[in-house]
Number of protein chains: 2
Amino acid sequence: MKKLSIVDIANELKVSKTTVSFILNGRAKEKRIGEDLVERVTKYVEEVGYKPNSLAKSLRTGKSNTIGLMVEDISNPFFASIARLIEDRAYKNGYKIIYCSTDNDTQKTKELINMFRDRHVDGYIIAPPEGIEDDVEQLLKDGLPVVMFDRHLPKVNTDYVEIDNLFSTYNATRHLIQQGYKNIAFVTFASSQTQMMARVQGYKDALKESRFTPVVKEIVFNQDEEMIIKPMTAFFKKHKDLDAVVFGTNHVGTCGLKIFSTLGVKVPDDMAVISFDDYDVFKLYSPPVTAIAQPVDEIADNVITVLLKKLNTKGVSTASHSIILKTNLQIRGSSSGLKD
Amino acid sequence: MKKLSIVDIANELKVSKTTVSFILNGRAKEKRIGEDLVERVTKYVEEVGYKPNSLAKSLRTGKSNTIGLMVEDISNPFFASIARLIEDRAYKNGYKIIYCSTDNDTQKTKELINMFRDRHVDGYIIAPPEGIEDDVEQLLKDGLPVVMFDRHLPKVNTDYVEIDNLFSTYNATRHLIQQGYKNIAFVTFASSQTQMMARVQGYKDALKESRFTPVVKEIVFNQDEEMIIKPMTAFFKKHKDLDAVVFGTNHVGTCGLKIFSTLGVKVPDDMAVISFDDYDVFKLYSPPVTAIAQPVDEIADNVITVLLKKLNTKGVSTASHSIILKTNLQIRGSSSGLKD
DNA sequence: ATATAAAAATAAATCGATTAAGCTACTTTG
DNA sequence: CAAAGTAGCTTAATCGATTTATTTTTATAT
């Protein structure tokens, strides 16, 4: 018993496939097809469990009911959570997700965009690396909806959902200063993406306000964690005077904790720590680590809402919107209890 | 400038699209097409950056160059890592991944399988919930390659990649016993999937061997973590005599640590802990928590290798293979240094 | 009774590829 | 020199849907 096609249905019912197609696409009324026929076709289709071949459908209509999701790295808890939430809402709205990890690699991302185009995805959700401005511009020019998140491309006028990065680190750093810390470093991955620039700036602003000198260490990202640990270890060994550090991402923060553990640096007694992105590692550390929690649900929610809206108002180019969400500084004391 | 089709190429070069197609598919020699023409076409295609429409291609050939990946929950670090590794190797081999989270929900999984079929994915990678035996059977009957991992369906004869679950918990439990612990519980999510049954059994075997009585607590899974914490807290409050616990998954282990933190139970002084699945939370806990590390890379590697092999030997039904990998008990002492 | 409009259904083109089968012109061969 | 072979392309069918244009049937008005 091979797969049924619309022709099989039409033949079996002695009607034309056109009729079947109209009925199946809810255009029966519009095309004034007799109620009894509609009934008969609907029933039979239900009975034999016929499903239209979506490839053929996509080929003809140009719509694939698929959304392309490009994150930095799907194995990063932050992106994994967002992907999960987006996935759920996409499926509920009849869309499937094709995802991929860009690794912040411009060339790879360009190829992936081409791959997505090739597969005729209806919409794009991208946490963009730099250097893909032209490609995104082209997508927009071709009328394809694009929503960015976590960061955006300043030169490209498109919708994006972000958090208030600058205020987040500013606020976190001020928190440390108010607690009496005086030698506060900012450690993060080397990146000139918008979110990271803002995070560094927020830190610097806070220090400037109190007339401290900023100490920023940028680590070059590497798949191999050893290559992150090494330079960071060297940095901390060199700057013995530090009494606090703000980490720019969960990953770099986690590496930092590993290093402190190895070096026997006590957190927060020897070194106060605040990391961007909150997750179990920080919550369970003892004592738990203060973290800048991103509103993951809200981010995912906004991203998919904006995209779905664009998908449904095809052609009508609504002015692009940028949504900036607030983060939540999860202050965790030196008590061993979980505050969260 | 809209997208070029093969007809555009053919017209422009004044050849038939058949010729272009043959050349593009590397069948020029076979179809004895003149070298100069091949040259001319290749060059022009390169020049204008023509890419065949993959939907049309898939419709005609029946191949979509897509692999469907169904995990329990993409936001779980274990599955996220595996997904990431599989993704990488799939892309390298010209395959794209469509993924989804099953939530171990039978009905949802059935629908997702249908969705995948509908999209003509070439191969399936599934961490299967129970109850989808018939659906998988049908896939196999229709000649579609399926590889399972993390667990398998005993009634279905298909390839799968797993770890030695029984020995893993047996070994971990014995380790605790040898350390002198006498009241060891096993806490996990309620599940009758193969991997979980084996994990429980391994624990029981070890206890039986030493004539201890097993204490197994099965928590009903819930999206809302509160609903996991609550019954588990009740369990630990009730069993004050426990001095050690083996957790069946990373998620349940993490919840356990949160509870101990709340209750002020010191790990491992008041309660020794070993959890299945290793990740940063366990490594960074102080003192770090002993964990049963799954060979994530190997699992992903084997899964994709087996699947690619099946995809390349289409039709030739090779006997199905089961691959059982070894886990690694990461023993972490009470020293504060990272052993890992 | 006939022209006209409305209702109901269909034929055929199309989306963009692949591929079996066929055609033409030239070269071999007996 | 005619028959057979082969090199080099092309024609047309096909995959499975959607959709435009068209036809057939029935109802209504004149």
Side-chain angles (χ1 to χ4, degrees), chain A residues 2-42 44-45 48-66 117-122 142 314, chain B residues 2-42 44-45 48-66 117-122 142 314:
Chain A
K2 63 158 176 263
K3 200 117 187 282
L4 292 165
S5 84
I6 196 170
V7 183
D8 300 324
I9 305 291
N11 287 341
E12 186 60 37
L13 293 174
K14 308 256 187 255
V15 293
S16 83
K17 55 179 180 164
T18 308
T19 309
V20 177
S21 176
F22 283 147
I23 294 175
L24 258 40
N25 288 298
R27 303 177 62 190
K29 279 267 141 50
E30 172 196 346
K31 294 290 174 180
R32 23 171 176 255
I33 293 175
E35 285 187 25
D36 41 348
L37 219 197
V38 173
E39 166 82 19
R40 208 153 58 88
V41 171
T42 314
Y44 183 72
V45 163
V48 298
Y50 162 75
K51 299 262 186 198
N53 179 323
S54 55
L55 286 177
K57 194 165 183 161
S58 296
L59 177 59
R60 185 66 235 262
T61 61
K63 316 231 82 243
S64 65
N65 270 28
T66 307
R117 286 212 70 148
D118 191 54
R119 308 224 118 213
H120 289 209
V121 306
D122 296 335
D142 296 342
K314 198 56 171 287
Chain B
K2 62 157 177 264
K3 198 115 187 286
L4 292 166
S5 84
I6 197 170
V7 183
D8 301 323
I9 305 290
N11 288 341
E12 186 62 36
L13 293 175
K14 310 256 187 255
V15 293
S16 81
K17 55 179 181 163
T18 305
T19 308
V20 177
S21 176
F22 283 147
I23 293 175
L24 259 39
N25 287 297
R27 303 177 61 190
K29 280 267 142 50
E30 172 196 345
K31 293 292 173 180
R32 27 173 176 248
I33 292 174
E35 285 187 24
D36 42 348
L37 218 197
V38 172
E39 167 83 20
R40 208 153 59 88
V41 171
T42 314
Y44 183 72
V45 163
V48 298
Y50 161 75
K51 298 263 187 198
N53 179 323
S54 56
L55 286 176
K57 194 165 182 159
S58 296
L59 177 59
R60 185 64 236 262
T61 61
K63 315 235 82 242
S64 65
N65 270 27
T66 307
R117 286 213 70 150
D118 192 54
R119 309 224 114 215
H120 286 154
V121 306
D122 296 334
D142 295 343
K314 198 56 171 286

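Reckoned from all heavy atoms, side chains included, excluding hydrogens, waters and symmetry mates.
Between G34(A) and P52(B), it is G34(A) whose nearest contact on DNA chain C lies nearer the 5' terminus. Mapping A56(B) and I33(B) onto DNA chain D by nearest heavy atom places I33(B) closer to the 5' end of the strand. Each of S5(A) and F22(A) lies near DNA chain D, and the nucleotide nearest S5(A) is the one positioned closer to the 5' end.
For the pair K3(A) and K51(A), the tightest heavy-atom approach, listed with the atom from each and the gap, is NZ-O, 4.0 Å. Residues A28(B) and V38(B) share a closest heavy-atom pair of CB-CG2, 3.6 Å.
Closest to the L59(A) side chain, of the nucleotides dT18(D), dA9(C), dC15(C), is dC15(C).
A straight line from CG of D118(A) to C1' of dC15(C) spans 15 Å, rounded to a whole angstrom. Look at NZ on K17(B): it is 10 Å from P on dC15(C), rounded to the nearest Å. Residue L24(B) contributes atom CG, which lies 16 Å from atom P of dG16(C) at whole-angstrom precision. Distance R119(A) CZ to dA17(C) P: 14 Å, rounded to the nearest Å. Residue R32(A) contributes atom CZ, which lies 16 Å from atom P of dT26(D) at whole-angstrom precision. Spacing between atom CG of D36(A) and atom C1' of dT25(D) amounts to 14 Å, rounded to whole angstrom units. Look at CD on E30(B): it is 12 Å from C1' on dA20(C), rounded to the nearest Å. Residue R27(A) contributes atom CZ, which lies 8 Å from atom C1' of dT18(D) at whole-angstrom precision.
Of the possible donor and acceptor atoms, none in the side chain of S21(A) sits under 3.5 Å from a partner among the backbone N and O of K17(A).
Residue E35(A) places its CD atom among 12 or fewer non-hydrogen atoms of other residues, nucleotides or ligands, all under 6.0 Å distant.
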Quick one: do T61(A) and H120(A) satisfy side-chain contact (heavy atoms from CB on, under 4.5 Å)? Show the steps, please. CA-CA 11 Å; T61(A) 61; H120(A) 289 209; over 6 Å; no
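A sub-4.0 Å separation between OP1 or OP2 of dT18(D) and a side-chain N or O of S21(A) is present. The shortest distance between the side-chain N/O atoms of S16(B) and the OP1/OP2 oxygens of dC9(D) is not below 4.0 Å. Close to dT10(D), at under 4.0 Å from its OP1 or OP2, lies a side-chain N or O of T19(B). Phosphate contact (OP1/OP2 of dT18(C), side-chain N/O of N25(B), threshold under 4.0 Å): present. Phosphate contact (OP1/OP2 of dC15(D), side-chain N/O of R60(B), threshold under 4.0 Å): absent. Applying the 4.0 Å criterion to OP1 and OP2 of dA17(D), one finds that Y50(A) has a side-chain N or O inside that range.
Residue contacts for L55(B): at a heavy-atom cut-off of 4.0 Å it reaches no nucleic acid atom on any strand shown. If you check every strand for non-hydrogen atoms under 4.0 Å, V7(B) touches nothing. Note on T18(B): a base of the nucleic acid sits closer than 4.0 angstrom, heavy atoms only.
Screening V41(B), I9(B), D8(B) for a side-chain contact (heavy atoms from CB on, under 4.5 Å) involving Y50(B) leaves a single residue, I9(B).
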